[in-house]
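Worksheet: the structure to be examined is printed underneath.
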Number of protein chains: 2
Amino acid sequence: MNKKPNLKDVAKVAGVSAITVSRVLSNPDKVSEKLRTKVEQAVHEIGYIRNHAASALASRRSGVIAVIIPSLSNIVFNDVLQGIYSAVKQHHLQVVLGDCHYSPLEEEKLIATLLSQSPEGFILTGTDQTDYARKLLQQSGIPIVQLMELSDCPIDMNIGFSHFNAGVDITNHLLQKGYRKLGFLGARMDTRTQQRLAGFKKAIADFKQPCQSYVVTTTQSSSIRLGGQLLQAVMAESQGQCDAVFCCNDDLALGALFETKRMNLKVPADIAICGFNDLEASALVEPAITSVASPRYEMGQQAVELLMTASGKDKTHKPPIDVGYRIVERAST
Amino acid sequence: MNKKPNLKDVAKVAGVSAITVSRVLSNPDKVSEKLRTKVEQAVHEIGYIRNHAASALASRRSGVIAVIIPSLSNIVFNDVLQGIYSAVKQHHLQVVLGDCHYSPLEEEKLIATLLSQSPEGFILTGTDQTDYARKLLQQSGIPIVQLMELSDCPIDMNIGFSHFNAGVDITNHLLQKGYRKLGFLGARMDTRTQQRLAGFKKAIADFKQPCQSYVVTTTQSSSIRLGGQLLQAVMAESQGQCDAVFCCNDDLALGALFETKRMNLKVPADIAICGFNDLEASALVEPAITSVASPRYEMGQQAVELLMTASGKDKTHKPPIDVGYRIVERAST
DNA sequence: AGTCAAAATGGTTGCGCTATCATTTTATCT
DNA sequence: AGATAAAATGATAGCGCAACCATTTTGACT
């Protein structure tokens with residue numbers, strides 16, 4: 001096996017200079033058609049593939065976007081990722097993805113690692129970075145987008161929606177429907193879940209009539225199965241009084257719904273259920289589950305677009321972009 | 001904003017040579033503790049981050065693993081990815097991920113792009129690559145793993161299981177249970193789905209007693225909703241005769257199950273349902289769905305380990321690794 | 001103290017490519 | 001045809017780092 005062909009090898013085969021080959025690859029318009037064809041043939045013939053490291057070093061453009069999400073297994077981030085990938089493709093960039101497992105410390109390490117790739121943009125989830133991480137990011141001068149939630153003091157750009165407001169709204173939805181013994185089921189308890197819980201509490205505190213609340217949370221990661229366990233827990237804690245539950249996401253809500261069948265509870269007659277994120281299954285189970293929808297795919301896309309337009313070094317402060325959310329009312333409430 | 005600090009800047013601050021700084025970063029054991037501490041402080045102080053492109057160019061080690069999956073949205077590949085990421089972390093590597101949308105041509109382009117990163121290993125899904133893609137991969141000399149299914153002529157290494165056998169087994173399971181009018185619901189119809197269908201047909205052809213089969217497929221991508229539609233379709237085609245369906249994955253199976261409720265069909269009395277992939281929801285719905293489980297996470301992990309041990313240039317042909325599968329029998333059949 | 005091996009540190013060079021500038025060729029006009 | 005601009009091509013240098021080899025320092029032993 002010969003060693004990998006380089007620019008010079010292509011140049012020799014095509015009978016041109018190395019720099020011309022380089023141009024064919026990055027600025028085809030600047031080369032006459034005759035030479036371009038010759039070079040392209042040579043490239044294909046010897047299976048030449050440009051050395052990205054050398055190219056990035058010489059050109060100071062890595063063609064890479066760094067992305068950190070808190071969890072690969074959570075389908076919510078998957079949707080965002082798909083949006084990111086779809087947008088990145090247009091710009092001929094590569095994504096380097098990190099999973100920080102909801103840990104700011106792990107995120108800090110990841111940020112350092114990913115910065116070494118000299119990414120042309122950085123997409124972070126949430127606004128909960130360590131100080132050192134923020135320092136590194138700021139010093140890098142790279143455009144940065146923080147996704148999913150809104151921040152008063154974003155590192156650079158910010159796009160998301162208010163999980164607090166969504167929590168308030170969905171809780172009010174339950175209250176308006178006449179439910180008065182509300183449970184909150186929370187897993188993981190990351191910052192966004194905490195904000196939803198804060199919204200839940202706020203809505204109840206502000207409500208003019210007497211009502212009860214039962215909060216059951218765990219730091220375990222979310223799953224359908226866990227939803228069933230948490231429903232059991234909230235029913236135990238409320239001694240069977242609880243008549244509606246706000247689940248911090250749709251996985252829990254689905255699990256809670258499945259559990260009601262085993263407990264012989266009617267939804268929504270005996271107990272109402274609402275979730276968060278509006279997964280496909282929530283609309284198709286029986287009864288369908290009320291949930292909170294947000295434009296995740298579009299958020300991912302828009303994040304990339306923001307990065308691309310921002311590389312123009314305008315250090316003007318950009319206001320956070322609120323993509324909003326929508327309460328999808330269904331039979332479960 | 002000053003330009004990014006480099007090795008020399010750190011060296012100046014720490015009062016050592018550049019190469020010593022480099023060693024602290026890559027071979028800390030080779031440096032005395034005194035200097036190491038000084039250098040580490042300097043690195044942290046000025047927020048130095050190594051330039052990956054330069055490092056990769058000089059050392060000829062990119063620290064990157066390339067991965068191509070057919071779909072980001074399919075949770076099945078998500079599991080594999082998680083396994084890959086968990087293993088990659090141990091080895092201090094980065095993943096560069098591509099989504100080829102089930103298209104060999106798109107995959108070919110991705111392979112060329114990702115090869116330019118000089119990855120130290122390449123993980124592909126399936127065995128359906130174009131000739132030129134195979135040429136590029138072979139010529140690169142990089143260790144390669146093809147995942148998910150087994151191949152007679154793998155490019156390099158191969159780990160997966162037989163979707164054909166799984167299709168045969170699950171169909172036989174239905175036949176043994178006494179069902180005789182079997183439907184197959186297929187979406188996407190990628191190679192693995194086709195193999196499952198082939199298994200379905202084989203089992204029916206080999207069965208000693210008379211039985212009927214109804215095959216309904218579409219190239220649309222799979223979803224829960226589609227499962228409901230395909231169930232409608234197979235019931236229409238069989239004029240209500242169909243008494244069991246093998247869904248090519250659990251999304252379809254869930255959708256089919258939800259649809260039976262709307263159609264007032266009892267599962268498994270009126271119709272049996274089985275799926276593929278054993279998603280969490282399948283075990284928790286009522287009735288729980290029979291499915292085929294496979295060690296996806298472990299497959300991902302093992303793929304990375306294979307790549308890492310294989311970089312030793314042993315060009316011996318390695319036999320495919322069959323990780324097997326398991327039929328999980330539940331109430332739906 | 002003197003010898004030698006081993007460990008620690010440093011200097012030089014080149015990885016493969018592209019930015020920059022210099023040069024040559026081609027096209028356009030009077 | 002000659003003058004000028006514009007397009008196409010080429011030569012050189014350097015991006016930031018680590019491999020390689022040279023040198024210095026340290027430690028272990030007689």
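Chain A is the first sequence line, chain B the second, and so forth, proteins listed ahead of strands; every chain is numbered from 1.
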To the nearest angstrom, how far is [X] atom [atom1] from [N] atom [atom2]?
X	N	atom1	atom2	result
Asp9(A)	dC17(C)	CG	C1'	13 Å
Asn51(A)	dG16(C)	CG	P	7 Å
Asn27(A)	dT20(C)	CG	P	12 Å
Lys8(A)	dC15(C)	NZ	C1'	11 Å
His52(A)	dG16(C)	NE2	C1'	13 Å
Asn6(A)	dG14(C)	CG	C1'	13 Å
Lys34(B)	dA7(C)	NZ	P	18 Å
Lys30(B)	dA6(C)	NZ	P	13 Å

Can you give the first and last nucleotides of DNA chain D, 5' to 3', that have an atom under 4.0 Å from a heavy atom of chain A?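 Answer, 5' to 3': dA8(D) to dG16(D).
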Remember a base hit wins even if backbone is also touched, and classify [X] as base, sugar-phosphate or nothing at under 4.0 Å, heavy atoms.
X	answer
Arg23(A)	base
Ile19(B)	base
Arg50(A)	sugar-phosphate

I need the full list of side-chain hydrogen bond (donor to acceptor under 3.5 Å, both in side chains) pairs touching residues 83-96 of chain B, with sequence neighbours left out, sorted by first then second residue.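 Sorted result for residues 83-96 of chain B: Glu106(A)-Lys89(B), Ser86(B)-Tyr297(B), Ser86(B)-Gln301(B), His91(B)-Glu305(B).
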Which atom pairs, donor and acceptor, lie under 3.5 Å between side-chain atoms of residues 29-39 of chain B and protein residues at least two apart or in another chain?
| unit_1 | atom_1 | unit_2 | atom_2 | d |
| --- | --- | --- | --- | --- |
| Arg36(B) | NH1 | Pro28(B) | O | 2.9 |
| Arg36(B) | NH1 | Val31(B) | O | 3.3 |
| Thr37(B) | OG1 | Glu33(B) | O | 2.6 |

OP1 or OP2 of dG10(C) less than 4.0 angstrom from a side-chain nitrogen or oxygen of Ser17(B), does that happen here?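 For dG10(C), OP1 or OP2 has a side-chain N or O of Ser17(B) closer than 4.0 Å.
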OP1 or OP2 of dT18(C) sitting under 4.0 Å from any side-chain N/O of Ser22(A)?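 Ser22(A) to dT18(C) OP1/OP2: side-chain N or O found under 4.0 Å.
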Look at the side chain of Gln302(B) and the backbone N and O of Gly83(B), then say whether any donor-acceptor pair between them is shorter than 3.5 Å.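 It does not hold such a pair.
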Given DNA chain C, 5'-ward residue of the pair Thr20(B) and Ala18(A), judged by closest heavy atom: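 Closest to the 5' end, via its nearest nucleotide, is Thr20(B).
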When rounded to the nearest 0.5 angstrom, what distance separates CG in Leu57(B) from OG in Ser55(A)?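 These two atoms lie 10.5 Å from each other.
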From Ser62(A) atom OG to Glu120(A) atom CD, the distance as rounded to the nearest 0.5 Å: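 Answer rounded to 0.5 Å: 4.5 Å.
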With a sphere of 6.0 Å drawn around CG of Asp131(A), does it hold more than 12 non-hydrogen atoms of other residues, nucleotides or ligands?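 Atom CG in Asp131(A) is not crowded, with 12 or fewer foreign heavy atoms closer than 6.0 Å.
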Check the orientation of Tyr132(A) and His44(B). Use parallel for under 30°, tilted for 30 to 60°, and perpendicular for over 60°.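 Judged by the thresholds at 30° and 60°, the geometry between Tyr132(A) and His44(B) is parallel.
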Using the side-chain heavy atoms of Leu7(A), tell me which of these nucleotides is nearest: dC15(C), dC17(C), dT9(C).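 My answer, after comparing the listed nucleotides, is dC17(C).
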